[in-house]
Amino acid sequence: MTDPVAVLADFPQRLRMASWFSFVGTPLSESEREDVAEYMQGIGLNDLSLVELETWRAAEDRIKQTDWDASWWKGEEDLRKTLLEQATAKIGDTALTRALTNLSEKASDIVHGAAAIAASRNGVADQGLTRSAAGAATMAAYQAAVEKAAGIDASNGNNGHAFAAKFRLFEAGHWPLCVHGGTIYVF
Amino acid sequence: MTINPGDSVETSRELQDAPDEFRLAVEKIVISHAVNELYGAQVFDEPAIALAPTPYSKWLTCRVAMEEYGHHVRFRELGEEIGIAPERMVPGEKKPLSIFEFPLESWEEFCVIKLLADLAEILQVEDLAHCKFLPLRNLSRMTMPEERFHAQFGKDFCKELIQTEEGRQAVQDAINRYLPILPKFFGRAGSKNNEIYRKWGIKQRTNEDMLADYINRARDLVEGELGLTLPDVAEAA
């Protein structure tokens with residue numbers, strides 16, 4: 001069995017050094033746009049247009065809509081389950097669960113404060129919204145760790161892996177929101 | 001150093017010198033919280049992520065699950081500090097409470113669970129916030145804001161759901177089915193354990209007193225704020 005601690009060794013450092021939510025509302029760079037495309041393609045969604053939202057209120061309004069595209073969530077869940085099976089086969093259930101739990105716990109501790117600070121800088125003091133942002137970031141960290149544990153390197157460049165690309169967007173201070181009507185929304 | 005009823009125990013080290021009755025009573029409470037926080041996150045919060053209707057509510061539920069899990073971690077760490085074996089602080093040896101046997105099938109049910117079960121948890125944490133074992137007092141005070149947020153989460157989403165007649169019926173139905181399970185959360189009337197907890201100042205109130213207070217507060221919430229009906233207390237008890 002592979003040692004999960006070794007496979008995921010760089011994750012705690014990446015969680016600490018990420019610029020969580022610090023660049024929301026600012027235009028995406030070219031490489032970040034490529035990450036968005038890679039993330040979408042990786043979960044089976046192609047030819048989407050991209051809309052960048054500029055304010056916390058616009059982001060909140062978007063993620064509170066009930067008519068979002070369910071194929072986006074399903075695509076993520078299907079991929080996560082496949083990767084989790086692969087990772088479990090490689091690492092073993094107990095060791096993998098322990099490693100992922102530790103990482104999620106670390107991520108959870110870090111991202112909530114970061115989201116609250118970023119929102120407050122923009123005059124937003126909404127506990128529900130900052131907690132929701134923290135939940136999204138924790139989930140992204142977990143998904144990227146599963147992908148890496150499955151044997152797919154999440155740390156380097158544009159190598160065609162959805163959760164690595166999604167995590168890079170969070171690391172860069174953005175928040176990929178959701179898919180609605182053929183459009184991916186990013187904050 | 002002799003520790004008598006009413007004395008404060010300031011550290012986990014001091015607890016080792018406390019009478020067995022005090023020490024074991026603290027252990028029982030820490031184990032119960034560690035087990036139930038974990039089990040609650042596993043049977044309610046994690047599965048509810050899939051049931052949540054929007055990205056906002058899915059991620060918020062994910063965060064709530066992490067916070068409940070975090071409560072388990074904090075109680076487990078305190079438990080380890082006072083010498084409880086880790087395997088006694090996960091579901092298995094210690095049976096989780098019967099309130100977790102409710103089969104979660106809908107978002108409305110989850111919102112009602114947050115509304116009613118987290119209110120019950122708030123009452124327990126409020127009681128421990130004056131505990132004479134100060135590390136447990138501090139831990140409960142640290143946990144309180146998150147428990148309050150979770151109950152608020154339940155109230156906010158229930159308020160949203162009852163805007164439609166269909167949602168109103170679904171929330172009322174979940175309250176009717178879930179409330180009857182909750183009185184057990186407060187323990188039996190005339191409980192020997194509770195007598196020991198109060199003797200040492202670990203808890204402040206009887207189980208009966210806590211349950212009566214809970215029903216009053218649940219009624220204020222369900223009938224006063226949501227305009228729904230709380231099932232008869234006699235039926236629920």
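Reminder, nothing fancy here: chain letters follow the sequence lines and each chain counts from 1.
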**Item:** Heavy-atom neighbours of Glu54(A) CD exceed 12 at 6.0 Å
**Value:** no

**Asked** Most heavy-atom pairs under 4.5 angstrom with chain B, which of Ala70(A), Gly135(A), Cys178(A)?
**Response** Gly135(A)

**Prompt:** Checking heavy atoms, do the side chain of Thr101(A), its backbone, both or neither come under 4.5 Å from chain B?
**Reply:** side chain

**Fill in**
In terms of heavy-atom contacts, Thr54(B) and Lys64(A) come closest through CG2-O, 3.5 Å

**Fill in**
Note: vs chain B, highest number of non-hydrogen pairs under 4.5 angstrom among Gln65(A), His112(A), Met139(A) is His112(A)

**Asked** Quick one: does Arg63(B)'s side chain have a donor or acceptor within less than 3.5 Å of a partner on Ser108(A)'s backbone?
**Response** yes

**Proximity breakdown for Glu67(B) and chain A, heavy-atom pairs closer than 4.5 Å** = side chain

**Request:** Write down the atom of Leu177(A), the atom of Trp59(B), and the distance for their closest heavy-atom approach.
**Result:** O-CH2, 2.9 Å

**Prompt:** For atom CE of Met17(A), is the number of surrounding heavy atoms from other residues, nucleotides or ligands below 6.0 Å larger than 12?
**Reply:** no

**Nearest-0.5 Å distance, CZ of residue Phe149(B) to CZ of residue Arg131(A)** = 4.5 Å

**Message:** How about CZ on Arg121(A), more than 12 heavy atoms from neighbouring residues, nucleotides or ligands closer than 6.0 Å, or not?
**Reply:** no

**Prompt:** Pick from Gly70(B), Cys62(B), Ser57(B), Ala65(B): which one has the most heavy-atom pairs with chain A under 4.5 Å?
**Reply:** Cys62(B)

**Message:** I need the residue from Gly128(A), Ala134(A), Ala137(A) with the largest number of non-hydrogen atom pairs under 4.5 Å to chain B.
**Reply:** Gly128(A)

**Prompt:** Counting only heavy atoms not in Phe102(B), do more than 12 fall under 6.0 Å of its CZ?
**Reply:** yes

**Asked** So with a 6.0 Å cut-off around CD of Glu166(B), is the heavy-atom count from everything else above 12?
**Response** no

**Request:** Go through the atoms of Glu160(B) and report whether side chain, backbone, both or neither lie under 4.5 Å from a heavy atom of chain A.
**Result:** neither

**Atom group of Ser104(A) that falls short of 4.5 Å from chain B, counting heavy atoms** = both

**Item:** Engaged part of Tyr69(B) at the chain A interface, taking heavy atoms whose separation is under 4.5 Å
**Value:** side chain

**Asked** Would one find more than 12 heavy atoms of other residues, nucleotides or ligands at under 6.0 Å from atom CG of Asp47(A)?
**Response** no

**Request:** Apply salt bridge (charged side-chain N to carboxylate O under 4.0 Å, His left out) to Arg177(B) and list each qualifying residue two or more places apart in sequence or on a separate chain.
**Result:** Glu109(B), Asp173(B)

**Prompt:** Between the main-chain N or O of Pro53(B) and the side-chain N or O of Trp68(A), is there a donor-acceptor pair closer than 3.5 Å?
**Reply:** yes

**Prompt:** chain B heavy atoms under 4.5 Å from Glu105(A): which part of the residue, side chain, backbone, both or neither?
**Reply:** both

**Asked** Under a 4.5 Å heavy-atom cut-off, does chain A meet the side chain of Val73(B), its backbone, both or neither?
**Response** side chain

